[in-house]
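Counting begins at 1 with the first residue of the sequence.
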Amino acid sequence: MIILFMPFSLMWIVAGICSGVAILLSFYLIYKHLRNYTNPELQKYIVRILIMVPIYSVDSWLSLRFIELSLYFDVVRDTYEAYVLYCFFSLIVAYIEKDFDLVDLLHSKEPLPHPFPLTCLPKIKLDRGFLTNCKRFVLQFVFIKPIVAIISLVLETQHKYGEGKFQVGTGYVWLTVVENISVGLSLYFLVLYYKAMEEELKPFKPLGKFLCIKSILFFSFWQSIAISFLVYFGVISPMGSWSVDNISSALQDFITCVEMVILAICHHFFFNYQEFRDPHKVPFIYDKNTKTFFNNPKTHITPIIKNFFTNVTNISDVISDTRETFILPLLSPDHHQTIIKKKDEETVLLEPEDKDIII
C-alpha cells in the first residue's frame, strides 16, 4: 500500500499525467473513427464507448483534487458507465442487423440453455420476446445506476450514506446490494444475447471488446468493495488531516486514473478504426435532413464535428428502446402486443405442454 504514503501533490501529478495520456490516446482514436466514418450504425456506438475513458479520467482526477466533492463528480461518471453497457449491447445488435434479419435469425435457432450454474432452468425460446427482454434488462441498469448515485448523494448530505461501512443502518450497504443486482442482471442478459449469436458475432471478435467494457465495470465496483474491506479490517486508517473516507476515495480515484491508460491502449487494439477504412470510399458525413450519408471532404474538419454532434450524440435510440421495452407495455399492454405481432409475423404462441420458457 505504498500509494497511501505518497505525498498528495505527487499522487495528484502522477494521476494527472496518466489521465492526460489516456485522454490523448482516446481522442486520437475517436478522431480516426470520425475521419473514417464509413459504417455509422456501428461506429456511433464505438465512439460512445471510447468517450468513457476521457469521462472517467477527468472525473477521477478532479475527484482526487477536490475529495470532498468526489461524490458529486461520480454522478456523471456512474450515469455514463451504465450508458456504455447499453451502447455495447446496441453495438452487437447492430452488427447482426447489418447482415441478417435479427428476429428471423432468432426463430431459426434452437432454444438456448442458461449458462452455468443455471443450466437447470428451462431453456429460453429465441424470438422477438427474447430480444425485447435482453434490451429491457440491459437498459434497466441505465436508469438504476444514476438513481443509486443520486440517492447516495442525498444520503451523504444527510450523513447517512456511510461509504465503506458494512452496517445495516447505512445507505451504502443497501445501495450496493441494489446496484450489484442491477448490473448482474444487465451483464447476464448481455451474455445470453452473446451466447445466442455467438457464431454470427465471431467475425466481429466481440470478446475483447466485451472484456474492455466488463473490466471497467468490474474494477470500478469491486475495487471500491475491496477498499471498503481494507477500511473495515483497519488496514486503512486516518493519516494526519486525512480521514479514512478521504484516503479511500483518493486511493480509488488514483488507481482509476492509472487504469484508464491501460484501457485506452486496449481500445486501440479492440476498437481499431482500421477495419472501417475503405480505399474505395471517401468517409461519410450524416445529413440529418435526408437521413443519409454523403461524401466527406478529406481536408475539412467541419464534417468530423458534424458526425459527432448529429449522429454520435443523438440518443434517440435510447428513447426508442425505453419506449418500446418499458413505457408502452406499462401504458397499454394489449396495444403493445398488437405492435409486436405486426412486426413479427412468425410469432408462435407456445402450447401449454411446451417446456421451453420465454424469460
When you look at Trp174 and Val178, which way does the side chain to side chain contact (heavy atoms under 4.5 Å, CB included) test go after all the steps? CA-CA 6 Å; Trp174 298 108; Val178 170; 5.6 Å; no
Side chain to side chain donor-acceptor pair (under 3.5 Å) for Ser182 and Gln140? Distances and angles first, verdict last. CA-CA 7 Å; Ser182 178; Gln140 55 82 27; 2.7 Å; yes
What verdict does the side chain to side chain contact (heavy atoms under 4.5 Å, CB included) test give for Ile124 and His114, after you've listed the backbone C-alpha separation in whole Å, the side-chain angles of each residue and the deciding distance to 0.1 Å? CA-CA 7 Å; Ile124 307 164; His114 286 267; 3.5 Å; yes
Verify ring-ring contact (aromatic ring centres under 6.0 Å, His included) between Tyr83 and Tyr80, making sure each step is shown before the conclusion. CA-CA 5 Å; Tyr83 179 57; Tyr80 202 80; 5.5 Å; yes
Criterion salt bridge (charged side-chain N to carboxylate O under 4.0 Å, His left out) on Glu199 and Lys109, from CA distance to verdict: CA-CA 11 Å; Glu199 200 61 37; Lys109 292 177 175 287; over 6 Å; no
Which is it for Ile92 and Met197 under the side chain to side chain contact (heavy atoms under 4.5 Å, CB included) test, yes or no, and what are the steps along the way? CA-CA 9 Å; Ile92 56 178; Met197 296 293 166; over 6 Å; no
Could you go through Glu81 and Tyr56, starting from their C-alpha distance and side-chain angles, then the distance that decides it, and tell me whether this counts as side chain to side chain donor-acceptor pair (under 3.5 Å)? CA-CA 9 Å; Glu81 175 186 293; Tyr56 262 71; 2.2 Å; yes
Worked check of side chain to side chain contact (heavy atoms under 4.5 Å, CB included) between Trp61 and Trp12: CA-CA 7 Å; Trp61 189 61; Trp12 190 56; 3.3 Å; yes
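Aromatic ring centres of Phe210 and Tyr194 lie farther apart than the 6.0 Å criterion allows.
Glu41 has its side chain out of reach of Glu97: every pair of non-hydrogen atoms, C-beta onward, lies at least 4.5 Å apart. Taking 4.5 Å as the limit, every side-chain heavy atom of Leu85 sits out of range of all side-chain heavy atoms of Val142. Cys18 places a side-chain heavy atom less than 4.5 Å from the side chain of Val258. For the pair Ser60/Arg77, a side-chain contact is recorded, criterion being any heavy-atom separation below 4.5 Å from C-beta on. Taking the side chain as every heavy atom from C-beta outward, Phe66 and Tyr72 never approach each other to under 4.5 Å. Using a 4.5 Å heavy-atom cutoff, the side chains of Leu185 and Ile181 are in contact.
Tyr273 and His33 have perpendicular rings, their planes meeting at more than 60° on a 0 to 90° scale where under 30° would count as parallel. Ring geometry for Phe89 against Tyr193 counts as perpendicular: the plane angle is over 60°, on a 0 to 90° scale with 30° as the lower cut.
Atom NZ of Lys98 has more than 12 neighbouring heavy atoms from other residues, nucleotides or ligands inside a 6.0 Å radius.
The pair Glu275-Lys205 does not count as a salt bridge, with every side-chain nitrogen at least 4.0 angstrom from each carboxylate oxygen.
Two different hydrophobic clusters hold Phe269 and Leu24 under the rule that ILVMFWY side chains link at heavy-atom gaps under 4.5 Å. The hydrophobic clustering, which links ILVMFWY residues whose side-chain heavy atoms are closer than 4.5 Å, places Val76 and Val148 apart. Residues Ile150 and Phe143 fall within the same hydrophobic cluster, defined by Ile, Leu, Val, Met, Phe, Trp and Tyr side chains chained together at heavy-atom separations under 4.5 Å. Under the 4.5 Å side-chain heavy-atom criterion for grouping Ile, Leu, Val, Met, Phe, Trp and Tyr, Ile213 is connected to Ile265 within one hydrophobic cluster. A single hydrophobic cluster is not seen to contain both Phe141 and Leu211; linkage of ILVMFWY side chains at heavy-atom distances under 4.5 Å, directly or through other members, places them apart.
Applying the side-chain contact (heavy atoms from CB on, under 4.5 Å) test between Phe88 and each of Val138, Val93, Ile49, Ile46 identifies Ile49 as the sole match.
When all heavy atoms of Cys212 and Leu263 are compared, the closest pair comes out as O-CD1, 3.7 Å. The nearest pair of heavy atoms linking Ala264 to Val53 is CB-CG1, 4.1 Å. Looking at every heavy atom in both residues, Arg136 comes nearest to Asn133 through NH1-OD1, 3.0 Å.
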